[in-house]
Every structure is written in C-alpha cells, then in structure tokens.
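In listed order, ligands and their atoms are each counted from 1. Values below: every heavy atom of this structure, side chains too, minus hydrogens, waters and symmetry copies.
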Amino acid sequence: MGFRRKIVAGNWKMNNSLSDALALVDGIVANLDKHSTTKVIICPPFPFISPIKQHLKDLVKINLGAQNCSEHIAGAYTGEVSAQMLASVNCNYVIIGHSERRTYFNETNEQLTQKLKRALENNLSPIFCIGEKIEQRKNETHFTIVKDQLKNVLTHFSEKELKNLILAYEPVWAIGTGVNATTAQAQEMHAFIRKTISELFTTDFANGLSILYGGSCNAQNAKELFACADVDGGLIGGASLKAADFCTIVSSF
Ligand code: PGA
C-alpha cells in the first residue's frame with residue numbers, strides 16, 4: 001500500500017507576481033539541503049505553475065502542486081481549471097478542501113468528492129485538508145468533525161484509488177493566526193486521524209499514509225511538530241513565501 005514519507009508542501013495562496021514567484025523558486029533552490037530526503041512540493045497560483053516548471057528545467061527535487069481544481073471534467077465553467085489541465089502542464093499534486101475553499105467558496109463534501117475523483121482520474125496526488133474551527137474545539141466536537149470530513153469524502157473511494165493520497169490536518173484557528181497547535185494537540189489529532197483511516201480502510205493503509213500538519217507552522221516550531229510520531233511533515237502557508245524559512249522547515253526532521 002502507501003509509502004509513508006516526509007513531505008513539506010508550500011501553499012502560496014494568492015500571493016506574488018510571476019517575477020516574485022520565480023525569485024522565490026530561485027531562493028528555494030539555492031537554500032535547499034541537497035541531501036534531504038524530504039519530498040518538497042510547492043503550490044503556486046495557477047498561472048505560475050507552467051513557468052515555474054520550465055524555470056526548474058530538470059530539477060525534479062521540487063514538485064509542483066495546484067491549490068484547487070474543478071469538480072467538473074471540462075466545458076462551460078468560466079474561470080475554472082480542470083485536473084486534466086493541471087496534469088497536462090506536469091503538475092502532480094493538488095490541494096483539495098483547504099479551509100479557505102470550504103469557508104469562502106462554500107465547498108461541500110459532495111463537491112470535494114468530485115474534485116478528488118477528478119484529481120485521481122488524472123493521476124494527481126491529492127493533498128486533502130481537514131480540520132476543525134475554534135468553536136468546534138471549544139465545544140469538544142473536533143474529533144467528530146474531523147472524522148466526518150474524512151468519512152464523507154474518502155469512503156467514496158477504494159484504498160487502491162487513494163494510494164497517492166496525502167492528508168493535511170489544519171485546525172482552522174491555527175491558519176494564518178500565528179497560533180499553532182501544540183505538539184500534544186497535533187499528535188493527538190494525527191493519531192486519531194490515523195486510527196480513523198485504519199477503521200475506514202485498513203491498518204496497513206493508515207500506517208502508509210503521510211499526514212501533514214498545517215497552521216502557523218514555521219521555521220521556529222517545525223522541528224518540534226515534525227518530531228511527533230504521527231506528524232509526517234507540514235503544509236506551510238505564510239512561511240512558504242520566504243525561501244530561507246521554507247528551506248529550514250524542509251530540514252526540520
Ligand atoms: P499558514 O497557512 O501556514 O499561513 O498558517 C497554512 C495553510 O493555510 O495551509
């Protein structure tokens with residue numbers, strides 16, 4: 001089944017011009033530990049994916065992902081970008097279900113299921129995001145919420161179909177706030193996620209799955225978060241826009 005590995009993915013969100021983006025890539029290439037075995041993924045905005053791919057030439061150490069894809073295959077969906085288009089520009093990963101998409105664009109479990117389907121049909125590895133809001137943690141429904149987010153989407157697929165799945169636990173209250181989950185909170189939830197996956201699928205599959213932590217993960221706290229037994233890396237927002245910080249995070253295992 002899956003092959004659990006260390007992964008650091010940068011979610012650039014809606015930032016930078018093309019020239020800034022290429023400069024950031026150059027900074028990452030220059031600062032990246034050449035001996036690191038961590039898988040590095042950067043997720044720039046759509047228009048920069050192809051230029052960055054060309055800019056990187058045959059430097060395969062940096063993988064490219066998108067931040068979203070359409071739930072539709074093709075057609076009259078103005079402004080949308082399909083999974084097939086992403087695959088055609090050699091983009092290999094796609095973030096699905098980020099909390100900003102769920103919140104600002106009202107993405108539902110049904111849509112996320114279709115998006116995941118489109119990604120898998122086109123051999124894109126999905127980085128599927130889950131995580132509770134602050135009020136859900138406060139009223140102690142966070143485990144139920146996360147379990148439902150997993151169950152309502154992933155059970156539409158077989159273990160075999162999900163062989164390239166990556167999960168990202170991102171508590172909404174930690175995203176962009178400077179308040180990261182503590183190591184205890186992260187480990188507790190990651191272990192719960194792995195247990196839930198082993199119940200929904202098999203223990204082998206759960207043990208092979210990479211589960212990333214996201215939410216104010218930075219160059220200072222990455223090491224302690226990544227030291228947690230069930231944290232296999234990070235999905236990094238703000239700190240992925242600074243080459244030196246991002247590369248420090250990549251080396252934080
Ligand atoms: P942050 O964002 O690192 O800026 O908190 C993480 C994310 O949204 O993926």
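Salt bridge status for E132 with R137: present, with a side-chain N to carboxylate O gap under 4.0 Å. Between E159 and K163, no side-chain nitrogen of the basic residue sits less than 4.0 Å from a carboxylate oxygen of the acidic one, so the salt-bridge criterion is not met. R118 and E71 are not joined by a salt bridge, as no carboxylate oxygen comes within less than 4.0 angstrom of a charged side-chain nitrogen. Looking at R4 and D232, a side-chain N of the basic residue comes within less than 4.0 Å of a carboxylate O on the acidic one, giving a salt bridge.
For ligand 1, the atoms closer than 4.0 angstrom to any heavy atom of G215 are 5 (O). Close approach of ligand 1 to S216 is summarised as follows: ligand atoms under 4.0 Å from at least one heavy atom of the residue are 1 (P), 3 (O), 5 (O). The contact set between ligand 1 and A174, taken as ligand atoms under 4.0 Å from a residue heavy atom, comprises 5 (O). Near I175, the atoms of ligand 1 lying under 4.0 angstrom from a non-hydrogen atom of the residue are 2 (O), 5 (O), 8 (O).
Distance from atom 4 (O) of ligand 1 to its nearest protein heavy atom, with residue and atom name: G238 N, 2.8 Å.
The closest donor-acceptor contact from the side chain of Q185 to the backbone of T182 lies under 3.5 Å. Between the side chain of K61 and the backbone N or O of S36 there is at least one donor-acceptor pair closer than 3.5 Å.
The shell of residues lying under 4.0 angstrom from ligand 1, judged by heavy atoms, includes G176. Assignment of G214 to the shell around ligand 1 is not supported, since no heavy atom sits closer than 4.0 Å. Not close to ligand 1: S240, with no non-hydrogen atom less than 4.0 angstrom away.
The option with the heavy atom closest to atom 8 (O) of ligand 1, from among H98, E170, Q67, is H98.
Residue contacts with ligand 1, taken as heavy atom pairs separated by less than 4.0 Å, involve N11 solely via side-chain atoms from C-beta onward. Neither the backbone nor the side chain of C129 comes within 4.0 Å of ligand 1, counting heavy atoms alone.
More than 12 heavy-atom neighbours from other residues, nucleotides or ligands sit within 6.0 angstrom of NZ on K13.
Between G237 and ligand 1, at least one pair of N/O atoms sits closer than 3.5 Å.
Under 3.5 Å, the side chains of N122 and Q84 contain no donor-acceptor pair of N or O atoms.
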